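Have a look at the structure below before the remarks.
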Amino acid sequence: MAIKVYIPGPFRVATNNSSKIEGYGDDVGEVLKDVGRRYPGIKALIFDSKGEVADHVCVFINGRDINTLQNNGTKVTEGDEVSIVPAMSGGAVPFTEEQIRRYSRHIILPQVGGKGQRKLLGAKVLLIGAGGLGSPTALYLAAAGVGTLGIVDFDTVDISNLQRQILHHNHDVGRLKVTSAQESIADVNPDVQVIPHALALTSENALEIIRQYDIVVNGCDNFATRYLVNDACVFLNKPLVDGSIFLFEGQASVFMPGRGCYRCLYPAPPPPGMVPSCQEAGVLGVLPGIVGCVQAIETIKLILGIGEPLAGRLLLFDALSMDFRVMRLRKDPSCPVCGDNPTITELIDYEEFCGAPITVG
Amino acid sequence: MTIENTKVNLELDLRGEVCPYTFVKSKLAIEDMEIGEVLQVILDHMEAVDNVPKSMTNEGQQVLGVDQINETDWAVTILKQKD
């Protein structure tokens with residue numbers, strides 16, 4: 001019978017990035033052998049030279065160590081979950097020669113060093129949107145060696161995107177943006193694991209997706225998603241690196257858990273139709289390059305714990321006057337989501353709240 | 001400066017390596033050492049013989065010696081003072 005098998009992060013290279021796969025068999029040993037047959041790369045990771053489960057790997061069934069049950073002979077039934085859990089040092093995995101060269105300009109920096117580079121490689125960042133803002137953010141975070149990049153985008157590449165969405169190329173027109181993004185990132189840095197989420201973020205799936213990451217970078221293009229991501233980050237205590245663009249102007253800020261949120265700044269979106277979208281009004285192609293790069297820098301600062309994050313501040317950029325201004329933000333004690341007496345304690349219907357359909361891209 | 005009486009905890013042979021990787025590899029090595037331990041790097045790239053001690057000093061480490069050990073090779077001895 002088919003049994004769910006949980007694959008840990010370090011082993012997902014062998015399962016095409018899947019965290020859950022299926023294995024067939026009547027006991028744990030058979031299930032593991034079957035997994036090894038269908039994902040040959042995993043054999044060397046799980047089993048020792050004698051074909052036994054290696055000493056540095058534990059196997060659990062429904063949360064119980066099989067050593068306390070009947071080991072490989074432990075029977076499995078429909079609905080059981082087998083988890084493979086390797087030892088992790090948490091310490092210094094030596095850099096490869098290629099990594100030393102690739103990241104040398106980071107390692108030289110006193111504020112980064114090998115320790116900081118390891119933090120980057122261990123970080124998991126979720127990008128909302130693989131469009132104008134998500135493109136430069138994704139490329140720079142990938143080049144910097146941020147180890148895991150989740151990308152949410154349900155959309156496909158249109159030729160009108162190429163004026164600013166530098167993750168995508170001519171030959172990508174018509175393809176899923178997350179697929180195109182995954183390929184571009186692999187070309188930049190093979191150290192980076194991309195987790196594509198080719199779906200629209202909704203109140204039903206947002207918490208489950210965002211929960212898996214350390215930091216969220218918002219590059220969405222509509223208010224419904226912006227409020228949805230904000231609220232989800234508040235509920236999950238995730239730092240949110242926000243960015244938005246319109247015509248020739250951009251905004252960016254960082255919302256740290258407990259220190260205010262997007263709703264403290266803007267409690268409600270403008271009425272539908274009052275602010276035209278980029279699609280209707282246009283946007284200077286380079287603009288998201290500036291704002292997305294600001295978001296990438298802020299993300300890297302958060303990962304490394306260096307400098308002063310753009311928290312409690314709103315950066316305004318005007319490309320025509322070439323002017324950067326910084327406004328002070330405050331945490332609103334009466335904020336309906338993160339205030340002293342919140343009235344919104346779970347995700348709501350954001351289409352209704354914003355009066356517009358949700359899209360990401 | 002001489003290093004004859006200094007106890008070296010780790011020796012790193014970086015002969016054949018050039019800047020900036022000579023410093024990058026020295027830095028990675030010293031990051032994993034304890035404060036008070038001594039790293040000695042062997043270099044044959046003249047530019048690195050200048051640069052590695054300079055960069056290590058900038059990072060707050062103490063250079064105990066820069067010594068030519070034969071016709072082509074130099075030993076840079078560094079005391080770890082800072083994490």
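As the structure is a prediction and not an experimental result, all values here were calculated from the model. Numbers restart at 1 for each chain; the letters A, B, ... are given by sequence-line order, proteins then strands.
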Checklist entry - Using non-hydrogen atoms only, which part of A/E97 is less than 4.5 Å away from chain B: side chain, backbone, both, or neither? => result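 Side chain of A/E97 only, per the 4.5 Å heavy-atom cut-off to chain B.
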
Next on the checklist: Between A/R105 and chain B, with a heavy-atom cut-off of 4.5 Å, which part of the residue counts as in contact: side chain, backbone, both or neither?
Outcome noted: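 For A/R105, the side chain is the part near chain B, not the backbone.
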
Checklist entry - If you take all heavy atoms of A/G145 and A/Y103, which pair is closest and at what distance? => result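 Closest pair (atom of A/G145, atom of A/Y103, distance): CA-OH, 3.6 Å.
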
Item to check | Backbone N/O of A/I107 and side chain of A/Q117: donor-acceptor pair under 3.5 Å | outcome: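 Such a contact is absent between A/Q117 side chain and A/I107 backbone.
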
Checklist entry - Counting a contact as any heavy-atom pair under 4.5 Å apart, which residues of residues 11-30 of chain B contact chain A? => result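 If one takes a 4.5 Å heavy-atom cut-off, the residues of residues 11-30 of chain B near chain A are B/E17, B/P20, B/Y21, B/F23, B/V24, B/K25, B/K27, B/L28.
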
Checklist entry - What part of B/E31 lies closer than 4.5 angstrom to a heavy atom of chain A: side chain, backbone, both or neither? => result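 The answer is both parts of B/E31.
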
Checklist entry - Near A/E98 CD, under 6.0 Å, is it more than 12 heavy atoms from other residues, nucleotides or ligands? => result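 Open.
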
Checklist entry - Counting only heavy atoms not in B/Q68, do more than 12 sit closer than 6.0 Å to its CD atom? => result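 Atom CD in B/Q68 is crowded, with more than 12 foreign heavy atoms closer than 6.0 Å.
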
Item to check | Rounded distance [0.5 Å steps], CD in A/E298 versus CG in A/D242 | outcome: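 Atom-to-atom, A/E298:CD and A/D242:CG are 12.0 Å apart.
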
Checklist entry - Do the side chains of A/H197 and A/L126 get nearer than 4.5 Å, heavy atoms only? => result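 With C-beta onward as the side chain, the pair touches.
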
Checklist entry - Can you find a heavy atom in the side chain of A/Q99 that is under 4.5 Å from one in the side chain of A/D191? => result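 Contact flag for A/Q99/A/D191 side chains = yes.
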
